[in-house]
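Notes follow once the structure below has been shown.
Worth saying up front: this structure is predicted, and the values here are computed from it rather than measured. Within every chain, numbering begins at 1; the chains are lettered A, B, ... in the order of the sequence lines, protein sequences first and strands thereafter.
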Amino acid sequence: MSIRVRFAPSPTGYLHIGGARTAFYCHVLAKATGGKYILRIEDTDLERSTKEYEQAMIDDLKWLGITHDEGPDVGGEYAPYRQSERLDLYQSFVDQLLEKGQAFYDFCSEAELEQMSKDHIEKGTPAYTGKWREQEHWDEAKKRVAAGEKTSVRFKVDPTKSYSIEDGVRGHVEFPAGMVGDFVIMRSNGLPTYNFCNVIDDNAHKINHVLRAEEHLNNTVRQLMVYEALGFEVPKFSHLSIMIGSDRQKLSKRHGATSVNLYREMGFLPEALNNYLCLLGWSHPEEKSIFTKEDLYQVFDDTRFNKSPAMYDIEKLKWTNSQHLRELSEDELLAHAKEVLPSDGLFHSHNEEWQRACLSLLLDKIQVITEVEELLVHYFNNTEIQDNDASKEIMSWETTPQIATYLKEQISNVSDENVSAEQFNEWMDYCKKELKIKGKPLFMGFRFCLTGQDHGPDLKQLIPLLPKKSLLERVSKVSQ
RNA sequence: GCUCCCAUCGUCUAGCCCGGUCUAGGACAUCGCCUUUUCACGGCGGUAACAGGGGUUCGAAUCCCCUUGGGAGUACCA
């Protein structure tokens, strides 16, 4: 039987990188096994779910290339794929459980519920101790409902029964009896809760393998109860390790950029984000660290997940991005730069020939494409002279003022807006032959006078790309 | 509190299931060297880990138990 997996986000915010990782695993697992990957939108939290977020999530997934076989936007055999369009189905199962006595109407007040929850946490009493779980009150409950009173429905948990699963990554997991109390399956506003509709949809959508984050592991016991009560076949579960921040806590907004669209804006390549995220909790069988999702279609398997939490490290993401950047053809790189770099910036203000020269020069200096514009802004507009140990050393050489004085004069005499490569070569030759400067003092002297820094791209290629004006300003400062 | 989960270099991890080939391998970061008449890229090398304690065994990173530490859940959120 072929695999059917799903990614089931709630459209209550932008796609999170943790969600992107889960979706990526689902997509790749389906592709690698000839199965299907389904996208389902879990929008039963009316207050927080929006259509805008749903669309944003679909867009982000699309940008990442994590395509699904079935979903709200593409349809499929088991449509609909949006929970807000499946409410009748949930209602019918609620009715069924009510009928069988496996669920009950609950009329406890908010204050009562609050007290129960408090006692549960502080004293270890059962999570729900209301009287409505007892059959003797059910007739009264039905009357109140018939009279039009709105109320929630709870699943009646058997406190003597324990459950267990054979988790795809955790192995055997035991959930002891009494672990959870009677939980709400239908809110008083008529909308079902996650632990209930998730089960119904996974069954209806014929999902046979659930890949999700570890934070859902404890929920599994509630879902197991629903599976049992409804007579559904239980799928295989694989609970992926969570992603944590540098403080070892679950990754969240306070750790910085956590949504995919931010990485898109920051100029990361989607294949790099996928690649990096994939390695947070999974390892390549040949220990490769750079690959595309297409490479994974051949080798991905669900036995290589890591159980322990993985710390998110943007430095390694940047390195991964730099590796993918270098895999790009010249045309792809140009297209990427054009798309990402600001349209009113320095890069876009030049012609394509210049842009290509600029990219080939800067490629091995950068990890993310946006750094190109940053470097250009620096070379064009920043005429400040770097002040550190390296610059002090360069300034201490007696040859540096000689170079500066010479260059200042030469640049002043250039009539064009730019310095040509030929002119640059002549100046170097002059300093070498006439001023007898060579090696480090020569190159570093030129670099420092012209760029104000002790490091940077190849000078011969860089200088012709820069405006004469900013070169002159810098060299004037050095020659003072 | 209770329940569940986790534990190899600073970080991501391989190895663990099926004990010996592990004086624990790779990658990021870091340091050094080489290359580059400069800077970088690249190449080479170094520092750096089996949380602790008990077992089992001829032999344990690998199996068992305990301790410690960390995380998640404990909602009419998902």
Under 3.5 Å donor-acceptor pair, [X] side-chain atoms to [N] base atoms:
{"X": "A:K316", "N": "B:A27", "result": "yes"}
{"X": "A:Q249", "N": "B:G70", "result": "no"}
{"X": "A:K365", "N": "B:C39", "result": "yes"}
{"X": "A:S188", "N": "B:C76", "result": "yes"}
{"X": "A:D458", "N": "B:A40", "result": "no"}

Side-chain donor-acceptor distances from residues 120-127 of chain A under 3.5 Å, at least two apart:
{"from": "A:H120", "atom 1": "ND1", "to": "A:T125", "atom 2": "O", "distance (Å)": "2.8"}
{"from": "A:T125", "atom 1": "OG1", "to": "A:D119", "atom 2": "O", "distance (Å)": "3.4"}
{"from": "A:T125", "atom 1": "OG1", "to": "A:H120", "atom 2": "N", "distance (Å)": "3.4"}

Distance in angstrom units between [X] [atom1] and [N] [atom2], rounded:
{"X": "A:Y163", "N": "B:U3", "atom1": "OH", "atom2": "C1'", "result": "16 Å"}
{"X": "A:K307", "N": "B:C6", "atom1": "NZ", "atom2": "P", "result": "5 Å"}
{"X": "A:E110", "N": "B:A75", "atom1": "CD", "atom2": "C1'", "result": "11 Å"}
{"X": "A:L375", "N": "B:C39", "atom1": "CG", "atom2": "P", "result": "18 Å"}
{"X": "A:L317", "N": "B:U11", "atom1": "CG", "atom2": "C1'", "result": "13 Å"}
{"X": "A:E286", "N": "B:G25", "atom1": "CD", "atom2": "P", "result": "20 Å"}
{"X": "A:E371", "N": "B:A40", "atom1": "CD", "atom2": "P", "result": "15 Å"}
{"X": "A:L359", "N": "B:A40", "atom1": "CG", "atom2": "P", "result": "21 Å"}

- Task: Describe, in one word, how the ring planes of A:H216 and A:Y194 are oriented to each other, choosing from parallel (under 30°), tilted (30 to 60°) and perpendicular (over 60°).
- Result: tilted
* Indicate the ring-plane relationship of A:Y406 and A:Y430, choosing parallel, tilted or perpendicular according to the 30° and 60° boundaries. => parallel
NA contact type, [X], heavy-atom cut-off 4.0 Å: base, sugar-phosphate, or nothing?
{"X": "A:E174", "result": "sugar-phosphate"}
{"X": "A:H239", "result": "nothing"}
{"X": "A:S117", "result": "sugar-phosphate"}
{"X": "A:G124", "result": "nothing"}
{"X": "A:E122", "result": "nothing"}
{"X": "A:V153", "result": "nothing"}
{"X": "A:R248", "result": "sugar-phosphate"}
{"X": "A:A127", "result": "nothing"}
{"X": "A:R48", "result": "base"}
{"X": "A:G178", "result": "nothing"}
{"X": "A:L280", "result": "sugar-phosphate"}
{"X": "A:I290", "result": "nothing"}
{"X": "A:N198", "result": "nothing"}

Rounded distance in Å between the P positions of B:G1 and B:U62: 29 Å
Provide the distance between the two C1' atoms, one in B:A72 and one in B:A27, to the nearest whole Å. 28 Å
One should read off an interatomic distance between A:T151 OG1 and A:F107 CZ, to the nearest 0.5 angstrom, of 4.5 Å
CG of A:N195 to CD1 of A:I200, rounded to nearest 0.5 Å, is 11.5 Å
Distance flag, aromatic centroids of [Y] and [X], threshold under 6.0 Å:
{"X": "A:F305", "Y": "A:Y25", "answer": "yes"}
{"X": "A:Y14", "Y": "A:Y53", "answer": "yes"}
{"X": "A:Y128", "Y": "A:F155", "answer": "no"}

With a 4.0 Å cutoff (strictly under), does any side-chain N or O of [X] reach OP1 or OP2 of [N]?
{"X": "A:S283", "N": "B:A14", "result": "yes"}
{"X": "A:T193", "N": "B:C76", "result": "no"}
{"X": "A:N306", "N": "B:A14", "result": "yes"}
{"X": "A:R154", "N": "B:C76", "result": "yes"}
{"X": "A:R304", "N": "B:G15", "result": "yes"}
{"X": "A:T44", "N": "B:A78", "result": "yes"}
{"X": "A:K250", "N": "B:G73", "result": "yes"}

Taking every heavy atom of A:T451 against every heavy atom of A:H378, the minimum-distance pair comes out as O-CE1, 3.8 Å
Under a 3.5 Å limit for both distances, which nucleotide forms a Watson-Crick or G-U wobble pair with [N], could you say?
{"N": "B:C58", "value": "B:G20"}
{"N": "B:G42", "value": "B:C34"}
{"N": "B:A51", "value": "B:U67"}
{"N": "B:A72", "value": "B:U3"}
{"N": "B:G10", "value": "B:C28"}

By nearest-heavy-atom nucleotide on RNA chain B, the more 5' of A:N219 and A:R326 is A:R326
A:D364 has its side chain closest, among B:C12, B:U74, B:A40, to B:A40
